[in-house]
Each structure stands twice: as structure tokens, then as C-alpha cells.
Amino acid sequence: MLTAYITHPSFERHEMGPEHPECPERLAAVADHLLMKGLMDCVQPYQAPAASREQLLRVHTAQWLDRLTATSPSLGHVPVDPDTWMNPHTLEAARHAAGAAVLAVDLVMRGEAPHAFCAVRPPGHHAARAQGAGFCFFNNASVAVAHALSQHGLSRVALLDFDVHHGDGSEDIWAGDERVLLCSSYQAGLYPFRDDHQPASNVVLAPLPARSGGALAREAIARHWLPALARFAPELIVISAGFDAHREDELGNLGWVEADYAWITQQIVAQAKASAQGRIVSMLEGGYALSALGRSVAAHLRELLD
Ligand SMILES: [Zn+2]
């Protein structure tokens, strides 16, 4: 059985204007690097379906879904927040990015793939229940979590977020819901400018100082995430896999390298084997330095192939 690799052609048509870092070239950089390294031969490719309204309503309000539909332009770009713009293809891409999450959960829960990696954009972890933000429209990883809880009868799902930015949208959706353990590492003082207090007992935060490097991140994850994960014993692990903590990425300043992503993924794989029959769904979030993004996804994916 091969790890599933889920993507969709609509992701290339969503763009937020010239110079925007969350650009279509990101996914091409990932695919090119995986091809070059022979990793595309080691995965089973799938096309993402579009998420249904019902699947999106598990994590978003009807008002937000309706506002996106009403805002969707037939020409040009319109903003939903200062960083987050829609073009005529955005809504389709966002629906397929969330649909990738649904398919990924179905594949790993049915035992048709041990793990799934979703090469998607727009990303999702800043999308809150009632509002998109920070390049995100639908919270893809949360759609995966909600689908696993409601359709596959799970009672404990872990959502792990190692993007350089805190996943405030995921926190908005899951804080206080004891069926979900949300662990987030992020650069302190960076967008979305969170104050680092723990909002609920099911949220584990590992804020990291700027320029702190991969060694400190590993120590923080080992100290904060891993014991909480072992206690929680998730039946499925969903990853908000952002690669913008890489030292070459200008949107963050944590100084991680590919080996750090490999290490974090190894820890997640070990926990998944211990409590979740190995089941992992990984959703691409950030990562804006194109070469570093391709290399980092490869390092992450290699650990998911075993
Ligand atoms: Zn990010």
C-alpha cells in the first residue's frame, strides 16, 4: 500500500495577484522536486473531490460559506481580508482543498492508504469558524478532523500544526472540544500575533522565539507535544504541515532545515503507530521559499513512505 498524494488542477488557477507569496508556483515546486527525487513513484496519486456544503458546515458557519459565494468575482480580485484575495477560481480551489482532506481521511480510515499527503492550496489553518484570513478560506485540516469524528466514529483526533504561524483558525474551531488535541508550534510575536496563553486544556502551545533554530524546536516539541500526545492516544493524526519555519523562508525567522521536518515527522509517525494504527493525514499549509518548500516536503514525505 502506498501513501496517497492528493491534489487538484484547480489549485493552479487560484492566485491572489502578482507578488503574493501564496502563489500557484508553490505546488509546482513541490511536484517538480518530488519528481526529481523519484518520490512520485512511491505515492499513489488521487484527484481531490470538492467538499460538500455539509462537510464544510461541520467547521464553518453558513454565513461564511454564503459570504464567499457572494464575494466570488467573475473577473479580477476581491479581498476577504487585507492578505487574502479571491479570483474567479478561488472558490473552486478552496472547495477541492477541503475535499482533499475528506478523501484523505476516507482513504486512511478505510485502510486503502497508510498515510495521505495533500498538496493543496489555498492553505487553511488561519480560517476560523466564521471568517477566513491569512491566505486561508476553508480550514482544510479541521474539515479532515471533523469528517473523522462525524463519519468514521472516532472519539480522539490529534491536530498537529508546525507551520511558523500559529493556527489561530484551528484553535477557534477546536479549543474546548475534548475530542481533539490541538498542538501548535509557532514563532512568537509573528502573525496572527497571538498572546501565547493556553485557551483550553485541549490546546498545547509551543511558542518559539525568533532565530531560535531547529534544536530548540525539537526540545519544545519533545517537552510539550509528545507527552500530551502519548496521554491523549489519538486514533488519527492530522497534520497542518507548514514549511515556512525554514531558514530560507522570508515569512518566518525560526531557522529550521529539512532535517528538522524529518525529525518532527518521525515523532508523529511513532505516535501514530502507537495509538492510531499508523494513520496520518497531512495537509500542506505555508511554505513560500520555493526550493526550500520542495526539499522540506520531500523530507516530510520520505518519513511518511517508510
Ligand atoms: Zn505560515
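Order of appearance sets the numbers: ligands from 1, and atoms from 1 within every ligand. FYI, side chains are in, hydrogens and waters are out, and symmetry mates aren't considered; it's all heavy atoms of this structure.
Distance check for H125 against the Zn ion (ligand 1): none of its N/O/S atoms falls below 2.8 Å. When distances to the Zn ion (ligand 1) are checked against a cut-off of 2.8 Å, D244 contributes an N, O or S atom below that limit.
Linking Ile, Leu, Val, Met, Phe, Trp and Tyr residues whenever their side-chain heavy atoms come within less than 4.5 Å leaves Y46 and V120 in two separate clusters.
Other residues, nucleotides and ligands contribute at most 12 non-hydrogen atoms within 6.0 Å of the CD atom of E250.
Y261 and F162 have tilted rings, their planes meeting at an angle from 30° to 60° on a 0 to 90° scale.
The atom name of the N/O/S atom in D163 closest to the Zn ion (ligand 1) is OD1. Per residue H165, closest N, O or S atom to the Zn ion (ligand 1): atom name ND1.
Formation of a donor-acceptor pair under 3.5 Å by the H14 side chain with backbone atoms of P88 is not found in this model.
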